[in-house]
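It should be emphasised that the depicted structure is a prediction, and the values quoted were computed from it without experimental measurement. Indexing begins at 1, ligand by ligand and atom by atom, following the structure's order.
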Amino acid sequence: MPADSTQRAGISGPLLSSDATLTDPAQTLRQTFADAGQDHVFANWDTLGERARRRLVRQLETIDLGHLAQMQGAISALQEKPQRRLAPADTFALADEAFPFALAEAARAVAPVGERALSRGEVGVVLVAGGQGTRLGFDGPKGCYPILPISAMTLFEVFARKLLHARAHFGRTPALYVMVGNHNESATRAFFEQHKCFGLDEGDVQFFAQGELPALDAQGKFVMAGPDALWTAPDGHGGVIEAMAHKGVLADMRRRGIKFVSYLQVDNLQCPVADPAFLGLHIAEGAEVSLKVVRKQDPSEKVGIYCLDDGVPGIVEYTEFTDHDANLRDPAGRLVYWQGSIAVHAFGVEFLQRLADTRTQLPLHAALKKVDAVGGIGQAHKFERFVFDSLPLANKVVCLEVPRQEQFLPLKNAQGPYGPDGVRESYQQYWKQALKLARPEQPEPPIIEVDPALCENARELSGAIESRVIDTSQPLRLAQGSL
Ligand code: UTP
């Protein structure tokens, strides 16, 4: 073990003294865990060798036992159905309702504000990719999934090429910060290295690891992954707020003059990386947090809803809606609570810094899930933080409605509309429709792919291909440079 990591762990000498008793650092830790009712974590101590003991102590020193009360609270909250005082919240519209979704007047008015921020280098992109991708079941980071139908371009490359698109439009490449988890950090870094950051400057791409949280069994005890390790999992996309502060991201942003964060998730194929209208609205309205929503497809769609909860703007999970509220319609027959969050945000760097300075943590949420731990697979309570819990902490929140077809196409599952086939199918529909508008006289190609560096949405397509000759009799890949 390198000397510096021993120091970081605060261990200065052997953990096993000659008479096989515990030395001071481990003894103190053992007492602390015993006081918290968690002394079982030392149950195998006597059988462990020196290295395993160090490993265990190092891990236990990172565990915040202060979280235990929050964890218990989050478990209790699973049983409660609090009475909520909900009300609809105001929302701006990005576009009109018909394809190709021409920008609405309000969006046109604020877009130059976003463009200015982008051309001044005041926007950084945070791409969260630290999840485990359990539902997709892909062997590797989700960002390495080959999603585009002809080139098999991966999600990471798609986002990198969207940044190249931003560079072409605004003269600056927004810096990219990729949040990873301990489980996929090395694979993600290696993937970017292997592909030379997909054409981005290395200095403009950074990785930072989110935190982990332990799980609790039915008796409220930490689940063990082995005799010398607690079972832990990533602390949720909400872990981004703490990780940005602790891993130097906020400091780096301030150094670079970045004032606004464009936050997106690696699985949303159609999400723009730096949307000038959205950023412009965020800036012009003086918001601390902004979000994008789409119109809910039907009352039972499993999506968090943006609304006022006791007068405070936030996202209320679909599970917390009563049937009555979920089905409520206005006189025109439209859902009253229609604003489905797509987990796309803009943040002020100052706001994130304030949360860091005041050591504000987002709440923990519990979920009973399968955990593959010592003794086999069982159920335990896992804990996560959700990024949208930052909304109620902001002095001002602004919400923008975007067209679902244009901006929301997440790869979540192994099958179904949000599985690889379903995502490629929706992708085809969108871009074939876009091509039809740009080239009404040409027949539909059997299959289409559009390079994200060339063009981001249907509105841009005809300008991007101009008067070039396009052969639609074969699979059509519209790529930058190849037209
Ligand atoms: P999801 O909540 O859909 O989770 O994450 P997931 O990990 O991709 O997939 P499942 O639930 O295990 O099947 C939405 C986005 O948030 C990121 C994911 O990488 C994805 O981009 N995320 C999620 C994190 O960065 N960290 C987390 O701890 C959880």
Side-chain angles (χ1 to χ4, degrees), residues 74 125-145 147 154-160 162 176-185 187-189 191-192 206-215 231-244 246-247 249 261-271 273 291-292 301-304 315 317-319 340-345 347 361-372 381-390 407-420 422-423:
V125 171
V126 170
L127 182 68
V128 297
Q132 294 176 303
T134 329
R135 288 167 289 170
L136 179 62
F138 174 60
D139 186 20
K142 208 192 248 186
C144 302
Y145 194 92
I147 190 64
T154 61
L155 282 163
F156 278 138
E157 183 165 7
V158 165
F159 285 105
K162 286 178 191 232
L176 173 66
Y177 302 85
V178 183
M179 185 168 88
V180 290
N182 291 342
H183 63 104
N184 66 10
E185 176 167 4
T188 305
R189 284 178 183 272
F191 195 68
F192 273 78
Q206 296 184 37
F207 304 88
F208 64 106
Q210 66 178 106
E212 302 236 326
L213 287 167
W231 189 97
T232 58
D235 59 357
H237 40 63
V240 69
I241 307 257
E242 221 171 313
M244 284 176 75
H246 292 165
K247 300 293 170 71
V249 173
V261 172
S262 176
Y263 165 99
L264 34 140
Q265 305 193 329
V266 74
D267 52 18
N268 187 2
L269 174 63
Q270 286 283 78
C271 185
V273 285
L291 75 155
K292 286 185 175 180
E301 190 182 352
K302 294 179 174 172
V303 59
I315 305 285
E317 294 246 63
Y318 67 94
T319 46
S341 169
I342 57 167
V344 176
H345 297 286
F347 293 106
Q361 286 191 323
L362 302 185
L364 292 179
H365 296 263
L368 193 59
K369 295 211 172 153
K370 276 192 187 140
V371 164
D372 182 4
H381 283 109
K382 285 176 69 175
F383 301 91
E384 285 191 332
R385 301 182 201 280
F386 297 155
V387 69
F388 54 74
D389 280 328
S390 57
Q407 300 206 10
F408 185 51
L409 192 47
L411 178 64
K412 293 284 182 198
N413 305 320
Q415 279 162 358
Y418 296 133
V423 164

To the nearest 0.1 Å, how far is [atom] from its closest protein heavy atom, and which atom is that?
atom	result
atom 6 (P) of ligand 1	G133 N, 3.6 Å
atom 14 (C) of ligand 1	Q265 OE1, 3.3 Å
atom 26 (N) of ligand 1	Q210 OE1, 2.7 Å
atom 8 (O) of ligand 1	K142 NZ, 2.9 Å
atom 21 (O) of ligand 1	V128 O, 2.9 Å
atom 20 (C) of ligand 1	D267 OD2, 3.8 Å
atom 3 (O) of ligand 1	K412 NZ, 2.7 Å
atom 25 (O) of ligand 1	G130 N, 2.8 Å

Across all chains, not counting sequence neighbours, the ring pair (Phe, Tyr, Trp, His ring centres under 6.0 Å) partners of F156 are F192

**Message:** For ligand 1 and E384, I'd like to know whether there is a polar contact (N/O to N/O, distance under 3.5 Å).
**Reply:** no

Should you measure from each heavy atom of [X], which atoms of ligand 1 turn up under 4.0 Å away?
X	result
G236	26 (N), 27 (C), 28 (O), 29 (C)
V266	21 (O)
M179	25 (O)

Exercise for the section: Fit a plane to each ring of Y145 and F138, take the angle between them on a 0 to 90° scale, and name the class: parallel (under 30°), tilted (30 to 60°) or perpendicular (over 60°). Expected result: perpendicular

Note: heavy atom closest to atom 4 (O) of ligand 1, options H183, R135, H237, belongs to R135

Of G238, P141, G131, the residue with the heavy atom nearest atom 23 (C) of ligand 1 is G131

Check for me whether G181 has a heavy atom closer than 4.0 Å to any atom of ligand 1.
no

* Asked: Is A129 in contact with ligand 1, taking contact as a heavy-atom separation below 4.0 Å?
  -> yes

How many angstroms lie between [atom1] in [X] and [atom2] in [Y], if you round to the nearest 0.5 Å?
X	Y	atom1	atom2	result
F383	K369	CZ	NZ	12.0 Å
Q361	E242	CD	CD	4.5 Å
M179	Q265	CE	CD	9.0 Å

Review point. What do the steps show when you test E384 against L213 for side chain to side chain contact (heavy atoms under 4.5 Å, CB included), and what is the final call?
Key: CA-CA 8 Å; E384 285 191 332; L213 287 167; 6.0 Å; no

How about CD on Q415, more than 12 heavy atoms from neighbouring residues, nucleotides or ligands closer than 6.0 Å, or not?
no

**Prompt:** Is it true that a side-chain atom of H237 and a backbone atom of V387 form a donor plus acceptor pair closer than 3.5 Å?
**Reply:** yes

Given the options N268, L269, V344, F408 meets side chain to side chain contact (heavy atoms under 4.5 Å, CB included) only with N268

The side chain to side chain contact (heavy atoms under 4.5 Å, CB included) partner of C271 among L127, L264, V266, I342 is L264

